[in-house]
Enquirer: 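One structure, pasted below without further comment.
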Protein chains: 4
Amino acid sequence: MPSEHRLLRRVQFYETDLAGIVHFSWFFRYMEEAEHALWREAGLSIARAGEETGFPRLAAHCEFHAPLRFEDEFEVWIRVAAITRRTMRYSFLMTRGETRIASGSTTIACVSKRQGEPMKAIDIPAGIAGRFAVAPGAEEPAAGKPAT
Amino acid sequence: MPSEHRLLRRVQFYETDLAGIVHFSWFFRYMEEAEHALWREAGLSIARAGEETGFPRLAAHCEFHAPLRFEDEFEVWIRVAAITRRTMRYSFLMTRGETRIASGSTTIACVSKRQGEPMKAIDIPAGIAGRFAVAPGAEEPAAGKPAT
Amino acid sequence: MPSEHRLLRRVQFYETDLAGIVHFSWFFRYMEEAEHALWREAGLSIARAGEETGFPRLAAHCEFHAPLRFEDEFEVWIRVAAITRRTMRYSFLMTRGETRIASGSTTIACVSKRQGEPMKAIDIPAGIAGRFAVAPGAEEPAAGKPAT
Amino acid sequence: MPSEHRLLRRVQFYETDLAGIVHFSWFFRYMEEAEHALWREAGLSIARAGEETGFPRLAAHCEFHAPLRFEDEFEVWIRVAAITRRTMRYSFLMTRGETRIASGSTTIACVSKRQGEPMKAIDIPAGIAGRFAVAPGAEEPAAGKPAT
């Protein structure tokens, strides 16, 4: 029952912009990569072909502390901050060595998506919610200190 | 002295993901498109070749109310929420017809970026800050009602 | 029965990379935008929710003649180069004013995609193929001269 | 003096589109990732802050044989196909297990890029060209058989 995951990643060329640093929209994709790696660690895939359950985002937030540059190696530390009946919330901390790069959070909801019908909020299936544990202290991502 | 801008946009195929809706990371790019259109309306470009002043993001936030799908036409309404000596904050509301799609905010800082030196926060040049006005009520984006 | 389309477009910030120019992968997305605009002009949408027919790419090619930079305005000229029973081929020319920026081509195939089954090549439905005409001379995109 | 590199990669969620497969534009980014990994293996970085030498693409080509889906693990095999005084050409083969996914090629040129001046083609510095070897048989990527 994982409650956190650490993803190691290298900045790719196409993730940079004309300012010479990683474009801020990429940080949200880094968060998602870490989330899906956490799900795999829990023995799950967040998207299975043909499945009628989806997990769209309700909210996403990021604070940018220092820039990332081409070929930088960095870590995305995701923690499960909260699990409710119909939502999960993660907190994130990205670091490059000792440098805090960014911190943030995302909240996902569980929905039923049948072709031709609007998405409808449903309970997270027990077989999914039961595979994760809440990480102590994850509610304060900015205060989090990456233990290396 | 513009304080807001309305960007009309159509969803592109490559902005969708396997869930059949626009990937959430794109909403942050839509925000940026509206921001830069606002700057053009103010007679400015946020990035000029050779310039040593940049405007990286300090924070970005988005709440997702309803999905966007391929070829949907939607509006991104950006308003200047606050201008301080070294930062600007925008609030956003995205709508498709009468449907609220997303709301959010971003904060940018003004930095000096000389080759080989770390970025350093500086005051926003008067010739830039003086081109924008704060939009009344923009601090409450979620409550905002798009006047159509 | 359109055989060509001209898309006007402005370079967005997130399309640039650290070299200060548009990343080459974006040219393929520009091509796709023009293609889908052509389909709309033909009264069609290349992707309808629930449809079991898709149009994946078989091949894509691009030659890069001159860079595009942030906020550049440019044109993507798409022409239908060939229609066969199961494929369509487009040629592209991108220009910024008088400057040739890039030229290329893509080939799409028509496939049947039923959930859980592999994609299978099928004939392009008559109601689709019959909506397009082949553009004379489109087979030689590089030689094409944009009539402005 | 490397002449080839094999990059292992997993498909990310944001790389898929509404057709449920990886969007074709991503294959060109996968090629670039493999290229830059090859450069690192040669002890080089294709982009160094402050450098006035760049390597834009002259041409890129890809043929798509089979789709990639979310979380698929695949290999990008890059080989140096040709080195001339001012250009380098790579051939690529992407595979998922025994399945050929895509094959392609890109050609890069060496340019001098001084602020405010147009890019100008120059010779590839000897310290760079001398770090790579041409891979025998790489001119025929489609015929290439991945030795695993």
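As the structure is a prediction and not an experimental result, all values here were calculated from the model. Values below: all heavy atoms of this structure, side chains included; hydrogens, waters and symmetry mates excluded.
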Enquirer: Please tell me if the side chains of C:H65 and D:L58 come closer than 4.5 Å, counting only heavy atoms from C-beta onward.
Expert: no
Enquirer: Among D:A109, D:A60, D:A66, single out the residue with the greatest number of heavy-atom pairs under 4.5 Å to chain C.
Expert: D:A60
Enquirer: Quick check: under 4.5 Å, non-hydrogen atoms only, which of residues 27-41 of chain C neighbour chain D?
Expert: C:F28, C:R29, C:E32
Enquirer: Taking the six-membered ring of D:F64, is NZ or CZ of C:R57 closer than 6.0 Å to its centre and within 45° of its axis?
Expert: no
Enquirer: When rounded to the nearest 0.5 angstrom, what distance separates CD1 in D:I21 from NZ in C:K113?
Expert: 8.0 Å
